[in-house]
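Working notes, beginning with the structure itself.
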Amino acid sequence: MDKHYDAKAAEAKWYPIWENNGCFHDEPGKGEPYSVVIPPPNVTGILHMGHALNQTIQDILVRWRRMQGRNTLWLPGTDHAGIATQNVVEKALKKEGKRRQDLGREAFVERVWEWKKQYGGTIVHQQRMLGNSTDWQRERFTFDEGCSKAVAKVFTRLYDEGLVYKGNYIVNWCPRCGTALANDEVEHEAHHGNLWYVRYPVVGSEKGAAGEPYKDYIMVATTRPETLPGDTAVAVNPKDERYAHLVGKKVILPLTGREIPVISDDYVEREFGTGIVKITPAHDPNDFLVGKRHGLEEINIMTDDGHMNELAGAKYAGMDRFECRKALVADLESGGYLDHIEDYDNQVGHCYRCHEVVESRLSKQWFVRMKPLAEPAIAAVKSGEVRFVPDRWSKIYFNWMENIQDWCISRQLWWGHRIPAYYFGDGKLVVAETPELALEKAKAIDPNVTAADLEQDPDVLDTWFSSWLWPFSTLGWPEKTKDLDYYYPTTDLVTAQDIIFFWVARMMMAGIHFMGRPPFRNIVIHGIVRDAQGRKMSKSLGNSLDPLELIDAYSADALRFSIALITSLDCDSKVSKEKFEIGRNFCTKIWNAARFMEMMGGGEAGGGAPDGLAAFGRDLTSDEKHILWATDIACRKVNDILESYRIQDGALAVYDFFWTQICDWYVEYAKDAPDKKRAFAILRDVFWKALRLLHPYMPFITEEVAHQLGYLKDGETIMRAKFPTGYSDEEKAAWGLSQETYDFVNAKREAITALRALRAEYKVAPSAFVKATIATDDPKAKAEAESLKRAMRAEAVEFVAAGSDLAMPSKITSFGTVYLSLEGLVDKAAEAKRIAAELAKIGGFIKASEAKLANENFVAHAPEAVVAEARRKLAENREKVAQLEKLSKLFA
RNA sequence: GGACGAUUAGCUCAGUUGGUUAGAGCAGGACCUUUACACGGUCAAGGUCGGGGGUUCGAGUCCCUCAUCGUCCACCA
């Protein structure tokens, strides 16, 4: 083995071998399936830390399950990302001085496909760098043929079921992009604005003096005076006595002369402004709802591109909306309708793409009725059929699902699944999966219709409309495929909290509605990646870490392991570059340990077969029994931990096992073991188990080391090696393993550590051979004299009866009291001070313990073991005090 | 405004049904180049578990309250 691990070479070598040999691919059929669909990244995307976190978690779970022998599918793919992709291509066109309109729809869409062909593979390539064991043979794209078929089928079915409808609705509208925006596509920002107080005269009021055209008026406060011509009512709170007498009366809409009613609605806050709100149903979402409740007229006074239309009044028609605001305010003022203006800060929505101020606008859009879909999806989680991990996310899910709103699914874009609705004749409409089927349906209505008469709806569907079918559209639905039959429902879905609503909840609904079963059993929600200050990573802040740079600097294994180590399902993860050194250092440790094994002939000692240690019989030393027991514990623990998705705990467990148990203790033991050959045969077996435990976390280095050390032959892979489950009861019995022996060695280590500490405290040179004395009556302990001598670097280890009272520096351990014999080496004053401090600390504890044990209730209620332990600790500390007091006299 | 979290060592975080003197990594300290590894080893130090109440024999853990921070949702004309 080379002195240094060449991660780049190993990663470049193994990934293609895995991929080309079908290591990521299983066929449906045999065994228990384990399937996961990847949250498809945007095809325009580049790999960021969020992906790295999300996919590392999935790959750990998938590799672990695969090694357990499960029939595994991790399905990769990308999302066509409607608006994002269209924007990228439009930007490219802009450089050529063209707009998409110059190309026309068909040519533009063709152009986007070309872009996809050329650049769409970027993120897919980058995912390979992470080591993802996704089944590339089954890679899908939300806009590929199969997914598109599924989309058309779903839309048609929902339409036929009356769950898709076209309706007038208030939507967020970007005047620049010319498209409706989903709520999540609108970014709210604080804005310094004004509140204009406008007088609406009550009908029948007398004319007043100059500057006050009417004596009797009500005052309305508004932030958007330009919408005034669209007002169709003013509203007050039903409980507001101030205005109760006005309800049912009419007021005159300034500048228009139109009479509008005064209505009462709970939506109005009494305390805000004047307590009277103008209602503009066509230009405000809340007003729209109020209008629906009261049957108000909806007057749309704006054009698609943010200008006023004729309904705003001849004077304002054609004006930009903000220009109109100024003009209209001026007119209000000159007409005597403007009472006063206040400064007012509010939140204004902006388009998440182009940052234009979003307009609330009435338009014809397609909607999915969500309530009927949501109900079974709620029930599936309530019944426990589908489980959130951690469970608390189910509350958030319920909260949203129980208040679900209809879903606006149409987008005024060109790139996306075109809505399979066809118009003909005079506003007639058919919905069908294909143009041919549409024609059939149309002919049923009007036999004279030809294909040329059908005009398809120009809008496309929201990107999520294909994503919500992902768990089954990717498996072949609506065809009845083997994959679908075998791998659906998928087992785990792993994603971040931010798309629980947009994606997870919708997949639940679609899965149940179209497949009859929820699309997954467990929904694993992890946190998001933040920077060291806890801020979200974003391009604009410049605080992003690039996973590819980290892979370049530290290796993919290092990245993966470090991510796993900082991953908590319960909260967000803060990362900084330094954190990845942990993984890098761990790789180095693994490599060096492997190198050491090779150097010591560990590779041969077991005769090549990992189970060669069976030959060494039952006379194992306590240290050998200890490592075997520790290995058994580690295997069980890692399996248990991963079973409950505690990725971080698993990383810690395997890290500690490898570093502390194997490297720090057992390897040091093996260097100088009484039977080195046997010690290394055991190490060889333990090491092989450790490599496999590590493999889900660090796939590349474990594969490389497994081959270098001869655990695997050419053509074999650790990916398909059996994930360790620990030793059998027979093996444990044959080797004489037991919890007692394990505890015994832990106690022995305490004694070794105690002596090291004494050496350090008394400044004994590390190279010096010292004399150690241990007070114990345990014959088993006395039998360890030789191994203690080596580990303690002592020229002699002697034993005296437990409770012996030697006037030497000592430490009490569960192995016995360890004394260090030394003459004249000590700084007496410093030692006296140290002893005094320790005495004070122990004294406090003894007092507390005594009080506790004197408490009858404690003795009566606490578990026996707890009481016994308290007694033992008390006795131990009393003994410690006695020792220290003796010493303090010595140093006085 | 609503919902849900978080607050434990200088930093990042564990702490599974309440029960030993609350753990790890990093940073910092001391010592060590002992022939796998200084991206290392050994040892030591560092916390009245955000504040205040309560339940209990016993609270980091359960309840209430306050404070601070965060996330998502809805956003007030």
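Reminder, nothing fancy here: chain letters follow the sequence lines and each chain counts from 1. Just so it is clear, the model here is predicted, and its values are computed rather than measured.
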Base, sugar-phosphate, or nothing: which does [X] touch, judged by heavy atoms less than 4.0 Å apart?
| X | answer |
| --- | --- |
| A:V220 | nothing |
| A:T753 | sugar-phosphate |
| A:A862 | base |
| A:C663 | base |
| A:K852 | sugar-phosphate |
| A:D287 | nothing |
| A:P766 | sugar-phosphate |
| A:E856 | nothing |
| A:F501 | sugar-phosphate |
| A:R584 | base |
| A:G583 | nothing |

Taking only the side-chain heavy atoms of [X] (C-beta and beyond), determine which of [options] contains the nearest atom.
| X | options | value |
| --- | --- | --- |
| A:K873 | B:C76, B:G19, B:U20 | B:U20 |
| A:R756 | B:A36, B:G40, B:C43 | B:C43 |
| A:A757 | B:C43, B:C75, B:G25 | B:C43 |
| A:T223 | B:C57, B:C39, B:A77 | B:A77 |
| A:R646 | B:U16, B:C75, B:G19 | B:U16 |
| A:D664 | B:A77, B:G19, B:G41 | B:G41 |
| A:T588 | B:G41, B:A36, B:C39 | B:C39 |

For the ring pair [X] and [Y], is the centre-to-centre distance below 6.0 Å?
| X | Y | answer |
| --- | --- | --- |
| A:Y697 | A:Y655 | no |
| A:F580 | A:F561 | no |
| A:F388 | A:W393 | no |

Item to check | Residues A:E850 and A:K847 bridged, charged N to O under 4.0 Å | outcome: no
Does [N] have OP1 or OP2 under 4.0 Å away from a side-chain N or O of [X]?
| X | N | answer |
| --- | --- | --- |
| A:K395 | B:G5 | yes |
| A:W659 | B:G41 | yes |
| A:N592 | B:C39 | no |

Using the [atom1] atom as the reference point in each nucleotide, state the distance between [N] and [M] in Å, no decimals.
| N | M | atom1 | answer |
| --- | --- | --- | --- |
| B:G60 | B:G47 | C1' | 11 Å |
| B:U61 | B:U16 | P | 11 Å |
| B:C39 | B:G29 | P | 16 Å |
| B:C73 | B:G54 | C1' | 33 Å |
| B:A45 | B:U8 | P | 23 Å |
| B:A38 | B:C31 | C1' | 14 Å |
| B:A74 | B:G10 | C1' | 40 Å |
| B:C66 | B:C75 | P | 28 Å |

Strand partner of [N], provided both Watson-Crick or wobble distances fall under 3.5 Å:
| N | answer |
| --- | --- |
| B:U12 | B:A24 |
| B:A44 | none |
| B:A67 | B:U7 |
| B:C72 | B:G2 |
| B:G18 | none |

Checklist entry - On RNA chain B, nearest-nucleotide positions of A:A760 versus A:I582: which is more 5'? => result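 Its nearest nucleotide being more 5', the pick is A:I582.
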Next on the checklist: On RNA chain B, does the nearest nucleotide to A:K579 precede the nearest nucleotide to A:V866 from the 5' side, or the other way round? Give the residue.
Outcome noted: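 Comparing both residues, the 5'-ward one is A:K579.
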Checklist entry - So among A:Y5, A:F596, A:F700, which one has a ring-ring contact (aromatic ring centres under 6.0 Å, His included) with A:W591? => result A:Y5
Checklist entry - Between A:N592 and A:R595, is a side chain to side chain donor-acceptor pair (under 3.5 Å) present by the stated rule, with each step listed? => result CA-CA 5 Å; A:N592 281 314; A:R595 223 155 51 84; 3.1 Å; yes
Checklist entry - Yes or no on ring-ring contact (aromatic ring centres under 6.0 Å, His included) for A:F501 and A:Y397, after CA distance, side-chain angles and deciding distance? => result CA-CA 7 Å; A:F501 306 140; A:Y397 171 84; 8.4 Å; no
To the nearest Å, how far apart are [X] [atom1] and [N] [atom2]?
| X | N | atom1 | atom2 | answer |
| --- | --- | --- | --- | --- |
| A:L652 | B:U16 | CG | P | 15 Å |
| A:F657 | B:G25 | CZ | P | 17 Å |
| A:I396 | B:A74 | CD1 | P | 14 Å |
| A:R595 | B:G40 | CZ | C1' | 12 Å |
| A:D649 | B:G23 | CG | C1' | 12 Å |
| A:W393 | B:U71 | CH2 | P | 12 Å |
| A:I500 | B:U71 | CD1 | C1' | 11 Å |
| A:L195 | B:A77 | CG | P | 7 Å |

Checklist entry - Going by the angle between their ring planes, with limits at 30° and 60°, are A:Y197 and A:H340 parallel, tilted or perpendicular? => result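 Rings of A:Y197 and A:H340: parallel, under 30°.
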Next on the checklist: Below 30° counts as parallel, above 60° as perpendicular, anything between as tilted: where do the rings of A:W659 and A:F586 land?
Outcome noted: parallel
Checklist entry - Within the modelled atom types, does a donor on one side and an acceptor on the other bring the side chain of A:K589 and the base of B:C37 under 3.5 Å apart? => result yes
